[in-house]
Amino acid sequence: MDPMDIVGKSKEDASLPKATMTKIIKEMLPPDVRVARDTQDLLIECCVEFINLISSESNEVCSREDKRTIAPEHVLKALQVLGFSDYIEEVCAAYEQHKLETMQDSLKGGKWSNAAEMTEEEALAEQQRMFAEARARMNGGAIASKQPDGDQNLDS
C-alpha cells in the first residue's frame, strides 16, 4: 500500500507553498543568480519527494519499534538508514533551536496571552472597538463613536 493512500491523498495533492519555497531558493543563492520557473518547480518537487522519503522511512523505523507516533529519534534514524548521516548533526541543532524557540514562546505567551484574563464583557467591548477601527479604516474616516441606543446608520 502506498503511504500516501493511508491519509487519503494522492502524490499530486502533496505540495509545498510555492512562494515560501521560492524565497528559500533565492536566499540560498547569490543575488546575481536567477532561477527559471521550471527549475523552481523541479526543486519543489524534489523537496516534496525528499519529505515523502524521510516520512516513509521514519514510519518504518517507528513501526519496527512497535510505536504509533513518529518521534524525532525515528526521523534521525531514518536519515541514517537512507544515507543522510552527514545531515544528522545539523538536523539535531535545528531541532534543539526549535525546542528553545517553542519554549520561549510559551513562556512569554502569544499575542493573545491576556485574553484568558478578560471577562466576557471586556472581550466583547474590545471586539466592538476593533470592529469600529476596521470600519473606519475601510471607510477612510475617523472612528465613529458608538451610539448608545444601538441605532447606528449602516449606510455610511
Side-chain angles (χ1 to χ4, degrees), residues 1-118 120 122-124 126-141 143 154:
M1 178 189 298
D2 186 16
M4 294 303 287
D5 292 338
I6 295 171
V7 292
K9 292 188 175 187
S10 66
K11 286 192 177 199
E12 292 80 33
D13 292 338
S15 187
L16 295 169
K18 278 192 174 192
T20 303
M21 293 303 298
T22 300
K23 181 181 175 195
I24 292 170
I25 292 167
K26 287 181 179 180
E27 286 176 355
M28 298 303 296
L29 299 173
D32 60 329
V33 175
R34 292 175 40 160
V35 181
R37 189 170 309 269
D38 59 336
T39 304
Q40 290 176 8
D41 292 342
L42 177 61
L43 284 169
I44 291 169
E45 289 300 316
C46 290
C47 291
V48 169
E49 194 58 38
F50 180 75
I51 291 169
N52 286 334
L53 179 69
I54 298 298
S55 299
S56 179
E57 186 60 35
S58 298
N59 186 48
E60 291 292 321
V61 171
C62 182
S63 294
R64 282 193 294 268
E65 294 180 7
D66 291 327
K67 303 285 184 180
R68 296 185 64 187
T69 303
I70 297 173
E73 55 269 11
H74 298 136
V75 175
L76 296 173
K77 180 67 175 171
L79 287 169
Q80 182 182 17
V81 168
L82 294 170
F84 295 107
S85 297
D86 294 347
Y87 296 98
I88 291 176
E89 187 176 325
E90 190 173 342
V91 168
C92 286
Y95 178 58
E96 290 301 319
Q97 181 65 31
H98 168 74
K99 286 195 307 189
L100 280 174
E101 290 171 3
T102 303
M103 186 174 20
Q104 289 171 350
D105 288 346
S106 66
L107 288 177
K108 66 181 173 186
K111 180 177 179 182
W112 306 104
S113 62
N114 66 343
E117 299 168 7
M118 285 183 162
E120 188 173 341
E122 291 171 330
L124 184 58
E126 178 68 10
Q127 182 184 37
Q128 292 303 321
R129 183 191 64 75
M130 290 167 47
F131 283 151
E133 286 178 1
R135 259 195 259 36
R137 281 194 304 272
M138 285 182 61
N139 294 332
I143 298 174
L154 298 177

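Numbering starts at 1 and runs along the sequence shown.
Note that the CD atom of E60 and the CD1 atom of I70 stand 9.5 Å from one another [nearest 0.5 Å]. Between the CD atom of E126 and the CZ atom of R129 there is a distance of 4.0 Å, given to the nearest 0.5 Å. To the nearest 0.5 Å, atoms OH (Y95) and CG (L76) are separated by 9.0 Å. Here the OH-SG distance, from Y87 to C92, works out to 15.0 Å after rounding to the nearest 0.5 Å. Rounded to the nearest 0.5 Å, atoms CG (D38) and CD (Q40) are 9.0 Å apart. With rounding to the nearest 0.5 Å, the separation of CZ in R34 from NZ in K26 is 9.0 Å.
One finds no salt bridge joining K77 and E73 here, because no Lys/Arg side-chain nitrogen approaches an Asp/Glu carboxylate oxygen to under 4.0 Å.
Residues Q80 and E57 are not in side-chain contact: their nearest non-hydrogen atoms beyond the backbone lie 4.5 Å or more apart. T39 places none of its side-chain heavy atoms less than 4.5 Å from the side chain of I25. At a threshold of 4.5 Å between non-hydrogen side-chain atoms, the residues M21 and L43 do not count as touching. At a threshold of 4.5 Å between non-hydrogen side-chain atoms, the residues E45 and E49 do not count as touching. Contact annotation: the side chain of Q127 never approaches that of M130 to less than 4.5 Å [non-hydrogen atoms, C-beta and beyond].
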Mind running side-chain contact (heavy atoms from CB on, under 4.5 Å) on D41 and K18 for me, showing each step along the way?
CA-CA 8 Å; D41 292 342; K18 278 192 174 192; 3.1 Å; yes
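Within 6.0 Å of atom CD in E27, more than 12 heavy atoms from other residues, nucleotides or ligands are found, so the atom counts as buried in its surroundings. Taking a 6.0 Å sphere around NZ of K99, one finds it holds more than 12 heavy atoms contributed by other residues, nucleotides or ligands. A 6.0 Å sphere centred on CZ of R37 holds no more than 12 heavy atoms belonging to other residues, nucleotides or ligands.
In this structure, S63 contributes its side chain and N59 its backbone to a donor-acceptor pair below 3.5 Å.
Nearest heavy atoms, A78 versus I54: CB-O, 4.1 Å. Nearest approach of H74 to V61, heavy atoms of both residues: CD2-CG1, 3.8 Å.
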